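Just so you know, these numbers use all the heavy atoms, side chains as well, and skip hydrogens, waters and symmetry mates. Residue numbers start from 1 in every chain, and the chains themselves are labelled A, B, ... in the order their sequence lines are given, proteins ahead of strands. All values reported here derive from a predicted model rather than from experimental measurement.
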There are 2 protein chains.
Amino acid sequence: MPQRTRKPGPSKIRSAAFQRIRADHSSELAEDYVELIADLIDEKGEARGSDVAMRLGVANATVVKTMKRLQDAGLVTQEPYRSIFLTGEGWKMAEDGRRKHKIVEGFLLALGVPEETARIDSEGIEHHVSEATLRAMARFLARKVM
Amino acid sequence: MPQRTRKPGPSKIRSAAFQRIRADHSSELAEDYVELIADLIDEKGEARGSDVAMRLGVANATVVKTMKRLQDAGLVTQEPYRSIFLTGEGWKMAEDGRRKHKIVEGFLLALGVPEETARIDSEGIEHHVSEATLRAMARFLARKVM
DNA sequence: CGGAAAGTTTAGCATTGGCTAAACCTATTG
DNA sequence: CAATAGGTTTAGCCAATGCTAAACTTTCCG
């Protein structure tokens with residue numbers, strides 16, 4: 001019971017960053033799945049569980065389990081033994097991810113990061129950039145072009 | 001028309017990025033804890049579990065459990081009811097994290113990202129930047145100064 | 001010194017995200 | 001049109017991270 005007496009001092013603010021990171025993590029996986037599903041639908045007309053599994057480097061069963069969660073979250077729909085669809089919410093998330101991804105990857109390339117590395121790094125970074133940082137990156141890109 | 005045959009094409013490579021992200025995640029938490037412990041030791045001479053908990057915005061018990069893992073991983077040492085110390089390995093990891101952190105945060109600031117945002121974003125980004133990207137950031141900073 | 005306050009650890013639980021093996025559908029094809 | 005090959009789902013396991021409540025130490029003060 002004691003340590004509960006902690007008052008919200010300035011460390012409250014300190015911990016904000018970490019708290020955001022933990023929050024990001026929960027959505028991060030969802031975003032990766034959703035973005036990939038969108039890509040598959042655009043590329044091949046449909047997203048099948050096993051394609052998702054292969055591209056993500058994950059077992060089939062893991063995808064099934066995750067799809068259940070994403071369905072509960074209202075991001076995808078799926079009938080048993082059928083392919084996966086995105087809801088409106090899902091598409092919104094996918095588009096947003098793509099937008100961020102494009103900016104970050106383009107930015108890294110403009111910075112002089114090798115292509116392969118830019119692709120990999122942007123995949124990890126995209127979930128941790130705020131709008132303010134995205135704006136700064138976009139500004140940099142715009143200036144570069146002129 | 002499901003069960004279309006799929007060959008193990010370039011998607012193998014595709015999955016590499018995601019696989020790295022998942023790998024990063026396991027170390028990420030450890031890095032955050034270790035870096036924070038280093039900061040506490042430098043700041044106040046010792047790192048106590050409850051300080052770590054408070055700054056990370058996490059319950060005391062969570063820190064205890066994590067310390068056990070970090071101890072098994074050879075990153076920290078701790079006697080029951082005593083404060084936490086870093087091993088050589090632990091210091092190395094902390095230093096490396098600080099180095100990355102400094103570059104990323106400095107870079108964001110140079111890009112024009114507001115201070116508060118730069119601090120928060122860099123916390124999340126630092127675990128996902130490769131050495132190549134760090135070099136590019138450092139190069140940018142050096143050029144900026146001239 | 002002894003006891004209460006303050007801090008730490010243990011116990012027990014929940015969720016996420018991953019895996020393998022086995023059971024289960026579906027579509028092709030003989 | 002039924003057998004079977006080959007995807008898909010279920011079952012059951014594991015580790016990591018987080019939480020609360022209760023038990024346990026340590027510290028500090030009268």
Carboxylate-amine/guanidinium contact A/Arg99 A/Asp96, below 4.0 Å: yes
Nearest-angstrom distance from the residue atom CD of B/Glu46 to C1' of D/dT27: 13 Å
B/His128 and A/His128 aromatic ring geometry - parallel, tilted or perpendicular at 30°/60° bounds: parallel
d(OH, A/Tyr81; P, C/dC25) in whole Å: 5 Å
Closest non-hydrogen atom pair between A/Ser50 and A/Asn60, with its separation: CA-OD1, 3.8 Å
Under the side chain to side chain donor-acceptor pair (under 3.5 Å) test, residues paired with B/Glu79 that sit two or more places apart: none
Below 4.0 Å: OP1/OP2 of D/dT27 and any side-chain N or O of B/Arg82: yes
Closest non-hydrogen atom pair, B/Gly112 against A/Arg139: O-NH2, 4.0 Å
Sole residue of A/Glu35, A/Arg98, A/Glu105 in side chain to side chain contact (heavy atoms under 4.5 Å, CB included) with A/Glu126: A/Glu35
d(CD, A/Gln78; C1', D/dT8) in whole Å: 9 Å
Summary of protein contacts for nucleotides 12-19 of chain D, nucleotide by nucleotide, where a base hit scores B, a sugar-phosphate-only hit scores S (4.0 Å, heavy atoms): BB--SBBB
Separation of C/dA14 P from A/Asp72 CG (nearest whole Å): 18 Å
Whichever of B/Lys68 and B/Arg48 has its nearest DNA chain C nucleotide further upstream toward 5': B/Arg48
